[in-house]
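Let me begin by presenting the structure, written as structure tokens, before commenting on it.
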Amino acid sequence: MPKIRKVLVANRGEIAIRVMRTCKELGIATAAVYSEADRAALHVRTADQAFFVGPPPSRESYLVQQRIIDAAKQAGADAIHPGYGFLSENASFVRACEAAGITFIGPPASAMDAMGEKTRARANMIKAGVPVVPGTTEPIATLEEARVYAEKIGFPVMLKAAGGGGGKGMRKVERGGDFDSSWRAAKSEAMNAFGNDAVYIEKYLEKPHHVEIQVFADQYGNTIHLNERECSAQRRHQKVVEETPSPILTPEMRAKMGEVAVKAAKAVNYVGAGTVEFLVDVHRNFYFLEMNTRLQVEHPVTEWVTGLDLVAMQIRAAEGEKLALTHAPEPRGHSIEVRVYAEDPARNFMPSPGRITYLRVPGGPNVRDDSGVFPGYTVPNFYDPMISKLSVWAPTRAEAIARAQRALSEYVVKGITTNIRYLKAILAHPEFIAGDYDTSFLTREHETLLGKEDPKLTEMALLASAVHAYQRDQKRAKSLPTAAGPGGGNGGVSPWKLALRRR
Amino acid sequence: MPKIRKVLVANRGEIAIRVMRTCKELGIATAAVYSEADRAALHVRTADQAFFVGPPPSRESYLVQQRIIDAAKQAGADAIHPGYGFLSENASFVRACEAAGITFIGPPASAMDAMGEKTRARANMIKAGVPVVPGTTEPIATLEEARVYAEKIGFPVMLKAAGGGGGKGMRKVERGGDFDSSWRAAKSEAMNAFGNDAVYIEKYLEKPHHVEIQVFADQYGNTIHLNERECSAQRRHQKVVEETPSPILTPEMRAKMGEVAVKAAKAVNYVGAGTVEFLVDVHRNFYFLEMNTRLQVEHPVTEWVTGLDLVAMQIRAAEGEKLALTHAPEPRGHSIEVRVYAEDPARNFMPSPGRITYLRVPGGPNVRDDSGVFPGYTVPNFYDPMISKLSVWAPTRAEAIARAQRALSEYVVKGITTNIRYLKAILAHPEFIAGDYDTSFLTREHETLLGKEDPKLTEMALLASAVHAYQRDQKRAKSLPTAAGPGGGNGGVSPWKLALRRR
Amino acid sequence: MRYFTKQQGQKEAVPVDLEPLGNDLYKLTVNGQTYQVDALMLEHGTMTMLVDGQSYSVEFEENGDEVGVLLRGQVSRFDVADERRLRLRAGSAAFSVEGKQLVTAPMPGKVVKVLVKVGDEVKEGQGLVVVEAMKMENELKSPKAGKVTELFAKEGTAVENNAKLVVVE
Amino acid sequence: MRYFTKQQGQKEAVPVDLEPLGNDLYKLTVNGQTYQVDALMLEHGTMTMLVDGQSYSVEFEENGDEVGVLLRGQVSRFDVADERRLRLRAGSAAFSVEGKQLVTAPMPGKVVKVLVKVGDEVKEGQGLVVVEAMKMENELKSPKAGKVTELFAKEGTAVENNAKLVVVE
């Protein structure tokens, strides 16, 4: 396959810029696409070329396959990088690229098909021998069958009413001795509640962690894993903080999970960068959750500890290059990523789009800012409110936490509300510091994470606000021709009245 | 020795901030000092405390030992970090700190004394068996003695008139057969030119490279090296680009030079971070040049490839901790640093102090910006005009060059002139890319490095300037009450006249 | 010169006496304590403030009458007025959650639901309007118990940041 | 609308015809070539410009009559005027190195030496004044051959950026 000379990046924001940075370093030209809301966005300026693809709503612009392909043709791009989200996991788009003779930088459509729908993915994984959260999914007819099944998957188990939902008709069974009575109770409850006594069984996962394995494959079936990422700091299934190595993984678990992830990828003839997500319970059993057939938001932490450039690897794999590695590199040191969002944690994480009036980004050793914003940029309210991914590296986890805190303390975003203080509270929380935080952590500790006021700092802020008011008033007084200068005076129109009128 | 709880940083600008960042990560409080010109500087805001030490000229503020020590006492600091420059290599200041009961984060005064003065350092190194540029320094009496000496140090050699200077009375001798006649000619030339026929001999270094070895020692005599830095891209002995590994070093040379550097450090009972500078000639002989008994500006490249934090190591050594490493870590990948200066390469590198009106700092993978400036900051004209050290890491040298280029292309500094384009030209020069550039490179290639205009880009700039003028004029027209709105009109006072008057 | 600083969420304004000493120096007295403050305003609403040797990097963000103060990672919001201004404002009672309260859009977005109508009695914390932005719905609640006296929000319309939505009195 | 753009270092101004098409679109004609340009001005003197699909991130820096244009790493400096302005300027001959030339301080610093006096004949490139900044001496040279008609620089005095130093005519 010939070398790629020009890539159209079918995305926006930080990930478009992330991809373009690597292209630039590889000497590959880039083309951007933009919606009406994104004419002023940084990805347009970062690219060598830029093409308009429609109105602000993504379904009328970034998701319109034909427009993206037309832009690629107009640009003379020989490849399309989809980023994440938008068309990145859309098998029909992959086929459209193929039909147009454009290389899609990502897995083949068939791999997306195999992993795209949850129950199909689950069936495929079971066939491949990958552990999934054990469960029947179908109701079980008799008590005996049910007991045998429960013993097979191991206690504790959950009994769930097939007709239920929203937590109703669920019953946890701790041990075999309780099974028969629980089964009968569950069935009668289900009948009473839903008029249907069908009950099915699922493994109960205690304090589950979200741990995912980065995999990578070339076009010749060479498939390796690139270690894990711990992503249990989630809010409404939205990852907020990610790190690698996972503080709960032993080298043996890493090897075992890596092996399984590679098996999963091979089962669907995967090519390129992908992520196999697992749930890990308190007993350190792990179960396949889903596979993301694209670059992951949190890929920088993997890049930090492996020294690899995953985007460069994606491009090389798409060019038909053979994988240079034969096995996972030993993770070196520790990396943490925090996602800076335009949102207000104190107001139920309400999005805070708007104009960024001032921006100061952290610097210094081993700090990486992946961002798509700039001072004067207006964060539009059509897209994801993430404004930056801040990641750090350090030799140890404790040092990485300290460095992430230091970097966050340097981050200044004015004009919009961000979650920076909330992120600092997560990193300072004893449960996070201890390392064994499960997916319920952020929700459970919400109040604590909103933080308390330090009265000393409030007093200093109060002093500052008084000086600010004084200087503001001085400036207003000066800008009025009739004002009597510093200190006030009362001839002519009151500056206050004028100031108020100006509103 | 007890743990350090508060550090006074006796410096300004980027290095003060660099030190404070590590202190913050270690949980150590920081105190800044500032001159009258630096009240608004970033290091004042980065520190937990800040103390005024005098008028702008350094000799009246940053160099006044008593003021620094008084500030440290006032702050309750238990240690002083001197950064580089200013008091960092001042043995009497080290003694003053000792007398005041404050830990000086750096080597003992005795090591500074031993390395502080060039001829004394040279004598000490000869005694320790460290190779120095061979030469007599004193005139030689007879031809026979001279010939024996020349053969001992090896050809080519330089004959230099003791009474001469500025290149006069110098004569290069390529081989032994030419020695006698050259000697006689040199003596007679010297007599004619200076009335003094005294001649001395020095080894002629062909295409010398400046390669330095980072060393580190604890208080117990454990001394290691941390590999080299190639610093041959110099202008008037000012380093401009640094990298590690040096493209001209073999692992054997690295080991040999490292061993010699450790020997040099041990000879003076060195403690902490230091740098032994060598000249390496075309035959890859290396000679001691001098030792810098402090943290080096270019230490980030060493940090990139070793994963170490040299400032944290300095603090730990000052606390009396034992060195955790027993030998130099294998360099991992490649790192390049470029120094962004407020200067105009096209006007003989004239400094360009002034107000930074806009600043955009590069981001993304493996880019580090060490800087002490911010938008709205006025670069004062009292101090070094370096505004940032930009360093990058990549697995290979070629990738590191590409990444440095990419990062520089993202750097925007407005309000003052910088050398960013010149730095890009260095990185793009075939001699730099080939890797074997000696200390004459920048001077020799000066014209090429100033670069040529791309007429296509100039035409695009011309279009942009026309749109800019149009929008400027529209805005001016609008801001005048009598103007006739967009497109001009000619009633009332001419906007041009008003605009001109306003100047 | 006396200023009154009312922190967001607090009911009472705290008086601060400010005396400019020149050269960016101020004498400030609050809650009986007097501070010597060296405060230099930089561009872009940044201030460097030294109090008893302690260094504070302060970021200001003006938002209407209020100023947000970011200082060592903590954000506090104050409404600061001098005595004259306070008198001017006395009628509008902006310095307290007593009196007329204006609920504004906290971000640009779309009004997807209006939950009240003019004349409705509402409780403190009761939902008034739902605004959608970035695919998330956000319910805006009443800051006090009272009656809806004005209603600017219309379902299905786009609103700018700080747009007036409801008045509760 | 016709503009004249004189690039620094060039003797001749190049005419550019500009026609605003609305919506940040412009038709620009220069050297017989016509471009359709999509140019959106952002804050802080940044512009995003699309020309035939090519994307240019442009940074402007105004400096007196001149504007510096940073575009893909290259800096060019232009003095742009429309016809009316050009006429206004005709007398001062600022558009050419012919006529009166003002030498200004390129940075703040100190005048350490004045090498000429009023009435001196100077050659192009001859040193006029030495200004020191950041411990470096910088000799300012005459932009043309001519006569020193005005001299503002005084040895030992501090000068601001762009301060008038010498006029050569």
Side-chain angles (χ1 to χ4, degrees), chain A residues 342-344 346-355 357-358 360 375 378-385 405 408-409 412-417 420-421 424 451 453-454 456-474 486-488 490 494-497 499-500 503, chain C residues 1 3 5 7 14 16-18 20 24 26 28 30-31 33 35 37 39 41 43-47 49 51 54 56-62 64-65 67-82 84-85 88-89 106-110 131-136 138-139 161:
Chain A
E343 65 181 19
D344 187 350
R347 292 202 279 180
N348 197 23
F349 299 95
M350 194 188 286
S352 162
R355 199 168 69 85
T357 54
Y358 185 69
R360 207 161 65 239
T378 297
V379 180
N381 60 352
F382 295 101
Y383 312 110
D384 184 77
Q405 286 281 22
L408 279 170
S409 75
V412 179
V413 186
K414 292 206 267 190
I416 58 175
T417 304
I420 288 175
R421 204 182 168 203
K424 285 178 70 68
E453 254 187 18
D454 174 337
K456 172 78 188 160
L457 291 186
T458 306
E459 180 145 312
M460 291 302 115
L462 189 152
L463 296 182
S465 75
V467 175
H468 177 266
Y470 172 75
Q471 297 206 354
R472 173 197 65 192
D473 297 351
Q474 290 294 307
N490 42 28
S494 153
W496 294 125
K497 281 200 186 141
L500 289 169
R503 293 269 162 73
Chain C
M1 182 160 239
Y3 280 99
T5 62
Q7 195 187 349
V14 176
V16 183
D17 291 311
L18 179 146
D24 304 309
Y26 301 87
L28 286 160
V30 60
N31 298 330
Q33 174 119 28
Y35 298 93
V37 174
M41 195 66 81
E43 288 182 41
H44 306 290
T46 299
M47 187 170 85
M49 180 168 87
V51 185
Q54 288 289 311
Y56 299 95
S57 187
V58 186
E59 302 288 346
F60 294 109
E61 228 181 302
E62 291 186 48
D65 279 332
V67 64
V69 184
L70 169 68
L71 182 150
R72 295 202 181 166
Q74 180 172 307
V75 180
S76 327
R77 290 186 173 85
F78 295 94
D79 189 346
V80 185
D82 64 5
R84 196 189 309 151
R85 198 180 194 180
L88 271 168
R89 283 206 196 164
M107 72 220 144
K110 207 172 98 178
V131 174
E132 187 195 78
M134 287 171 165
K135 295 170 203 154
M136 262 189 67
N138 306 287
E139 193 177 278
N161 192 13

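These numbers were taken from a predicted model, which means no experiment stands behind them. Letters go in sequence order (proteins before strands), and every chain restarts at 1.
- For A/Val467, the parts lying near chain C are the backbone and the side chain together; criterion is any non-hydrogen pair under 4.5 Å.
- Heavy atoms closer than 4.5 Å to chain C are found in the backbone of A/Ile416, but not in its side chain.
- For A/Glu459, the part sitting under 4.5 Å from any heavy atom of chain C is the side chain, from C-beta outward, and nothing else.
- Between A/Arg360 atom CZ and C/Glu59 atom CD the span is 5.0 Å, to the nearest 0.5 Å.
- For C/Tyr35, the part lying near chain A is the side chain, with the backbone staying farther off; criterion is any non-hydrogen pair under 4.5 Å.
- No side-chain heavy atom of C/Val75 sits under 4.5 Å from any side-chain heavy atom of C/Val69.
- For A/Ser465, the parts lying near chain C are the backbone and the side chain together; criterion is any non-hydrogen pair under 4.5 Å.
- Between the NE2 atom of A/His468 and the CZ atom of C/Phe60 there is a distance of 5.5 Å, given to the nearest 0.5 Å.
- C/Tyr56 contributes atom OH, which lies 11.5 Å from atom CE of C/Met47 (distance to the nearest 0.5 angstrom).
- Note that CD of C/Glu61 and OG1 of A/Thr357 are 5.5 Å apart. Values are rounded to the nearest 0.5 Å.
- Side-chain atoms of C/Met49 and C/Tyr26, non-hydrogen and from C-beta on, never get closer than 4.5 Å to each other.
- At a 4.5 Å heavy-atom cutoff, A/Pro375 makes no contact with chain C through either its backbone or its side chain.
- Only the side chain of C/Leu18 comes within contact range of chain A, with at least one heavy atom under 4.5 Å from a heavy atom of that chain.
- In this structure, the side chains of C/Val16 and A/Leu462 come closer than 4.5 Å at one or more pairs of heavy atoms.
- In terms of non-hydrogen atom pairs under 4.5 Å with chain A, the most contact-rich of C/Gln74, C/Glu139, C/His44, C/Met41 is C/Gln74.
- Of the atoms belonging to C/Gln54, not a single heavy atom falls under 4.5 Å from chain A.
- The contact between A/Asp454 and chain C is made by backbone and side chain atoms together, counting heavy-atom distances below 4.5 Å.
- In this structure, chain C has heavy atoms under 4.5 Å from both the backbone and the side chain of A/Lys414.
- Contact annotation: the side chain of C/Val14 never approaches that of C/Phe78 to less than 4.5 Å [non-hydrogen atoms, C-beta and beyond].
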